[in-house]
Amino acid sequence: MTTGKQYVDSVFEKVKAQNGHEAEFLQAVEEVFNSLIPVFDKYPKYIEENILERMVEPERIVSFRVPWVDDKGNVQVNRGFRVQFSSAIGPYKGGLRFHPSVNQSIIKFLGFEQIFKNSLTGQPIGGGKGGSNFDPKGKSDNEIMRFCQSFMTELSKHIGADTDVPAGDIGVGGREIGYLYGQYKRLRNEYTGVLTGKGLTYGGSLARTEATGYGAVYFAEQMLKARGENFEGKIALVSGSGNVAIYATEKLHALGAKVVAVSDSSGYVYDEDGIDVELLKDIKEVKRARIVEYANARPNAKFIPVGEGSIWDNKADLAFPCATQNEINEEQAKTLVANGVIAVSEGANMPSTLEAIDVFLNAGVSFGPAKAANAGGVAVSALEMAQNSQRTPWSFEEVDAKLYDIMKGIYENSAAAAKEFGQEGNLVLGANVAGFLKVAEAMSAQGVV
Ligand code: NDP
């Protein structure tokens, strides 16, 4: 009989052979596969049904040309993607990322993770992801609009409120979702919840903007509670200064912690008085300026440019990586541990390398993996879909309360799965297993499709 390890290894060999050049995708797959070995030992029927090989192959990938005209009248061309990974438990759901680093490997890693994350939320949403190598930085509002309209002209052929519902991610916030939604409506002549993260005047949900950051903090709260701790007086580092980082910082302050550093791709700021969230919002959300402006506006804050140090060099009790993939490597994880970090909650997707995760787990740090800790964003997106279908908006408090319960549920289910499979406290394994089981059962019930 094939063992769980033999099965997982053989599928991973095939995945490597077919996707050898997709480093980020292979990294995300390896992390999940390592967790699933005991699951296949316990449920051999999933080996017989070859669930894993089916799950790791996207149902569909669309790659397309996005031509647009810049303000000088020059024709520009970018590449767009939508990876529709799994519709086993609901319509494809996952964000759009606009960043120059975007390629098929990055979108596939994000889409693959999204399958398990969405399953963990307990809501009926499948996994997908998309984006473009378009760089919104330095572009005028008109250029952003023309790009979004061109992008949606093709994407609209592949999505729909019951088919595939994209949202934001890096480089795609309220402004971009507005332009994308306007173009979809114009092309299709229908007013549905086809995108989430919409503005409040046209179908958006209260608390969606805050959801990912707040959710990562609610998840950390559960991890701290399990070790008899809370946020009171704790020092935190939050990387990034975008949507996730800003609202993680806001909620950490509300719960009694002090965030002393935030960053962007140019460097980080250290503010011993605690990050002024309103100032940060003004610089990042309103002015769309660089993080150095924060240090210029605060007498006690220092700006440390990239290359002269890392945000993870600083002493803290808590770390919230909320910028991008692979932003904590093994050395940085060791530094955080040596400096006394007790909990890491991943607001970004795959911010810790596989080696960094091992450092945290081996040191007994409470580690909240992205697919559990940052699931609050997609969870509230699914609540936005529910409100759009009902044509009834819910209050901020109602949505926030549901978000809190969902994050608590994800923690409890992940912790229970880790315990059931003999690795108590390992939330990486727990989240992967809990997320996998529901999707596997749905695939099994639906036959070979
Ligand atoms: P934003 O575009 O709002 O902010 C991203 C932040 O991260 C910016 O400060 C940006 O700096 C920094 N950053 C991005 N890329 C890099 C890089 N290569 N190196 C250094 N810094 C970088 O994105 P979000 O806050 O929405 O997303 C952040 C992370 O959270 C991503 O991993 C995303 O996938 C994840 N996430 C987001 C969700 C959401 O609801 N928005 C939901 C779940 C996960 P700069 O401006 O200089 O580029």
Side-chain angles (χ1 to χ4, degrees), residues 24 28 93-102 106-107 109-111 113-114 117-118 120-121 127 129-131 133-139 166-177 195-198 204-205 207-216 219 238-250 261-269 280-281 283-285 287-294 305-307 310-312 320-328 345-352 368-384 403 407:
E24 295 86 0
K93 181 93 197 85
L96 298 171
R97 175 177 291 192
F98 292 169
H99 192 272
S101 63
V102 162
I106 296 211
I107 299 300
F109 112 65
L110 291 162
E113 295 241 302
Q114 199 83 44
K117 179 186 310 192
N118 294 2
L120 280 170
T121 67
K129 199 82 188 187
N133 60 356
F134 173 74
D135 186 358
K137 271 200 207 84
K139 304 288 190 298
D169 190 80
I170 291 177
V172 178
R175 173 182 58 172
E176 290 75 18
I177 292 288
L195 293 171
T196 59
K198 299 186 290 301
S205 173
R208 174 61 186 92
T209 305
E210 293 82 356
T212 310
Y214 280 20
F219 193 87
V238 177
S239 65
S241 48
N243 173 263
V244 181
I246 287 173
Y247 292 95
T249 302
E250 181 171 277
V262 292
S263 66
D264 69 12
S265 59
S266 65
Y268 76 93
V269 290
L280 188 65
K281 283 184 189 175
I283 290 169
K284 285 295 175 181
E285 292 183 338
K287 301 199 173 91
R288 299 180 187 275
R290 307 309 293 152
I291 200 72
V292 67
E293 296 304 330
Y294 180 93
V306 162
S310 151
I311 189 171
W312 311 122
F320 286 77
C322 296
T324 194
Q325 61 274 359
N326 292 328
E327 53 165 315
I328 303 184
S345 187
E346 294 189 323
N349 282 309
M350 204 166 78
S352 311
K371 56 175 80 65
N374 75 25
V378 74
V380 172
S381 276
L383 299 179
E384 183 174 329
L403 169 65
M407 296 314 297

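Note: hydrogens, waters and symmetry copies are ignored here, and every other heavy atom, side chains too, is used. Whatever order the structure lists them in is the order used to number ligands and atoms, beginning at 1.
Expressed to the nearest 0.5 Å, how far CD of Glu285 lies from OG1 of Thr209 amounts to 8.0 Å. Rounding to the nearest 0.5 angstrom, the gap separating the OG1 atom in Thr324 from the CG atom in Asn349 is 9.0 Å.
Just one residue in the list Glu346, Gln114, Glu113 forms a side-chain hydrogen bond (donor to acceptor under 3.5 Å, both in side chains) with Lys371, and that residue is Glu113.
When the side-chain hydrogen bond (donor to acceptor under 3.5 Å, both in side chains) test is applied to Glu384, the partners found at least two apart in sequence or on another chain are Lys198.
Arg208 and Ser381 form a side-chain donor-acceptor contact under 3.5 Å, judged by distance and modelled atom types alone.
Taking the ring axis of Phe98 as reference, the NZ or CZ atom of Lys139 does not stay both within 45° of it and closer than 6.0 Å to the ring centre.
Within 4.0 Å of ligand 1, protein heavy atoms come from Arg97, His99, Lys137, Asp169, Ile170, Gly171, Arg208, Thr212, Gly240, Ser241, Gly242, Asn243, Val244, Ser263, Asp264, Ser265, Arg290, Cys322, Ala323, Thr324, Gly347, Ala348, Asn349, Asn374.
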